[in-house]
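What follows is a short report on a single structure.
Just so it is clear: chains get the letters A, B, ... in the order the sequence lines come, proteins before strands, and each one is counted from 1.
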2 protein chains.
Amino acid sequence: MRVTIADVARQAGVSKTTVSRVINTKGEVDGGTAARVRAVIARLGYVPSSGAVGLARGSSRTVGMLVPSLTWPWMGEVLQGVVDTVEAAGYGLLLFTCNRGAESVQRFTTQVSARAFDGLLVVEPENTLDTIVGLHHQGLPVVLIDDRGAHPEDFPSVVTTNFEGGASAARHLLADGRTKPLVITGPAHFGCVRERLAGFRHVLPTDRVVVGDFTELSGRLAVEKLLHARVEFDAVFAHNDISAAGALRALRAAGRSVPDDIAVVGFDNIPMARHTEPPLTTVRQPAREMGETAARMLLEHLGGAAAPDEPVVLPTELVVRQSAP
Amino acid sequence: MRVTIADVARQAGVSKTTVSRVINTKGEVDGGTAARVRAVIARLGYVPSSGAVGLARGSSRTVGMLVPSLTWPWMGEVLQGVVDTVEAAGYGLLLFTCNRGAESVQRFTTQVSARAFDGLLVVEPENTLDTIVGLHHQGLPVVLIDDRGAHPEDFPSVVTTNFEGGASAARHLLADGRTKPLVITGPAHFGCVRERLAGFRHVLPTDRVVVGDFTELSGRLAVEKLLHARVEFDAVFAHNDISAAGALRALRAAGRSVPDDIAVVGFDNIPMARHTEPPLTTVRQPAREMGETAARMLLEHLGGAAAPDEPVVLPTELVVRQSAP
DNA sequence: CTGAAAGCGCTTACAG
DNA sequence: CTGAAAGCGCTTACAG
């Protein structure tokens with residue numbers, strides 16, 4: 001039924017070994033022989049079975065990627081960066097999620113052991129981190145795309161400049177004459193949250209800090225709370241764009257003008273940021289570049305390069321729109 | 001190094017055949033023997049090599065998915081639906097994009113022929129449709145997730161009720177007393193665009209139609225154009241949420257109140273829709289369900305079921321928010 | 001209930 | 001420059 005290397009060998013009048021050499025341009029092959037083999041390959045439309053090649057070579061030319069969710073706004077960017085890089089290198093990408101908790105992790109671990117892929121890219125492990133570290137110690141090449149500041153030490157990972165991102169937001173607000181900012185954070189146990197806050201305060205010290213949870217509601221409630229308590233503030237720095245959108249809504253509902261009365265800066269630069277009212281100034285997180293870089297690191301490692309033992313850091317970038325000109 | 005079926009067989013004092021039977025619960029095996037084998041498997045942490053199993057069985061228990069882009073707002077939902085379904089069935093998902101044109105398609109086709117996966121899920125082929133149809137004729141199980149109304153006849157596909165979606169938008173506006181609607185369409189050659197327009201006009205005939213291209217800019221320009229021409233209208237139906245957001249912006253810039261002066265309805269229900277000002281009433285496209293359904297159809301087909309030769313239709317749903325109460 | 005052997009489709013020393 | 005043979009780690013008739 002399907003065309004195999006044996007068919008090609010027979011029709012070209014050579015051995016399977018020679019066909020294999022032609023395909024992989026490995027070892028010396030007579031020019032004429034090679035041409036004849038290539039002609040047969042073309043005529044038969046022969047394509048090597050990836051499964052058989054993988055079995056014989058002991059590697060699958062596939063990398064795995066584990067993500068917590070596919071519906072988060074910046075996940076598409078990360079994924080696109082990974083897929084582009086991986087495909088360009090001729091590798092396949094096997095995608096896994098772990099949204100069913102223990103069961104998913106179990107199934108996933110099985111796939112790993114089954115050698116379905118040669119290396120692994122991971123975003124946001126949360127409860128999976130121990131498993132991942134374990135796999136890494138067992139010899140599986142792993143690179144972590146860490147957007148929440150939770151990577152273990154000495155672990156290959158890609159991060160962004162959360163401290164500097166927070167600082168850049170503060171500098172921008174300060175340059176506009178804002179001196180009484182409110183910070184709406186994400187969950188306090190996230191490393192990225194602590195860093196963004198520290199960076200911001202380093203430039204613009206403030207005690208007006210409300211701990212949020214990255215939801216729109218938390219952004220809205222934080223603003224309402226301060227308004228109700230009659231705390232004065234002339235700017236808001238929210239730790240992600242979603243909660244910044246909530247803050248915008250609460251300010252509008254309260255009749256405060258943005259940016260005239262209060263300037264607002266978010267974090268992430270998700271697609272929505274340009275469609276809020278007014279469009280949101282925000283600290284861009286380089287999601288796509290993080291995906292690309294992590295994939296490149298993993299591929300280089302598979303190619304034999306040493307894994308970097310300290311995180312690769314990609315810069316944030318302030319995107320200025322009307323909410324904080 | 002790695003634990004193989006031979007190791008298990010040796011330590012359990014049985015043949016590889018028996019180990020295989022225990023693993024696959026296939027054929028009769030003595031209870032005691034089975035227990036002994038299972039104990040060894042557990043002790044050694046043995047996991048079958050997916051590559052070898054695939055080679056021996058002639059199938060990879062993996063499905064491929066081809067998408068044009070991973071950064072579109074509703075793609076995450078589709079993907080999540082697919083991944084959940086595929087993982088639950090114990091299959092892996094191999095992800096491909098075709099954003100580098102011919103080169104990508106070529107590489108992708110090679111993967112197909114390499115039997116890296118057993119079946120294929122496709123979103124929005126555009127220039128790839130011929131290739132896909134060809135692969136399907138060659139015997140590759142394929143299911144198309146068609147969000148733009150472009151599936152060939154007699155092709156397994158999942159679509160949504162574009163006509164009814166347009167009609168439901170019209171009924172909602174009509175019930176609110178709107179009688180002079182503007183329709184901002186997507187590209188005119190899309191089947192879904194024609195259907196949404198036909199459905200809308202079936203309920204609420206109108207000649208105020210501006211052809212857009214699904215971008216925010218096109219939504220903004222359409223409104224500005226009508227405003228400038230002093231055409232009267234009391235509602236806008238945009239064929240996607242992005243261009244609806246553009247319409248909202250243009251209306252606000254012109255000092256028109258939404259929904260008092262003009263009601264606005266979008267299409268898709270992307271995450272952004274709840275964050276526009278005012279939040280957007282829209283026709284929800286069941287992206288996740290489309291992904292789930294397509295994956296289920298493909299898996300059933302791989303399991304031996306006949307492929308449905310006419311499209312499976314999933315209903316849209318009107319989501320009412322403030323822009324058109 | 002169990003096992004020896006062939007086969008899945010490749011790659012890779014080894015020998016010439 | 002080329003090929004015969006072993007091997008990758010499984011499954012599956014076939015025979016008992």
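Residues B:Val40 and B:Tyr46 fail the side-chain proximity criterion, which asks for heavy atoms closer than 4.5 Å. For the pair B:Leu66/B:Ile132, a side-chain contact is recorded, criterion being any heavy-atom separation below 4.5 Å from C-beta on. Here the side chains of A:Met65 and A:Val86 are not in contact, with every heavy-atom distance at 4.5 Å or above. At least one side-chain heavy atom of A:Leu70 sits under 4.5 Å from a side-chain heavy atom of A:Leu95.
A distance of 12.0 Å separates NE2 in B:His136 from CG in B:Leu129, rounded to the nearest 0.5 Å. For the atom pair B:Leu93 CG and A:Leu94 CG, the distance stands at 7.5 Å (nearest 0.5 Å). Distance check, rounded to the nearest 0.5 Å: CD of A:Gln80 to OG1 of B:Thr97 gives 5.5 Å. Remark: B:Met75 CE to B:Ile270 CD1 distance equals 13.0 Å, nearest 0.5 Å.
The closest donor-acceptor contact from the side chain of B:Asp84 to the backbone of B:Gly81 lies at 3.5 Å or more, if one exists at all. Under a 3.5 Å cut-off, the side chain of A:Asp118 and the backbone N or O of A:Ser60 do form a donor-acceptor pair.
Taking the side chain to side chain contact (heavy atoms under 4.5 Å, CB included) definition, one finds that B:Thr160 meets it with B:Asn162, B:Gln285, B:Pro286, B:Met290, B:Thr316, sequence neighbours left out.
Stem list for DNA chain C (at least 3 consecutive Watson-Crick or G-U pairs, distances under 3.5 Å): C:1-3 with D:14-16, C:5-12 with D:5-12, C:14-16 with D:1-3.
Residue pairs satisfying the salt bridge (Lys or Arg N to Asp or Glu O under 4.0 Å) criterion with at least one member in residues 46-59 of chain B, sequence neighbours excluded, are absent.
Extent of DNA chain D lying under 4.0 Å from chain A heavy atoms, first and last nucleotide in 5' to 3' order, is D:dC1 to D:dG9.
Contacts of residues 35-44 of chain A with DNA chain D (heavy atom under 4.0 Å): none. Near DNA chain C, meaning a heavy atom under 4.0 Å away, the residues from residues 12-26 of chain A are A:Lys16, A:Thr17, A:Ser20, A:Asn24, A:Lys26.
Projected onto DNA chain C by closest heavy-atom contact, B:Ala56 and B:Thr33 fall at different nucleotides, the more 5' of which corresponds to B:Thr33.
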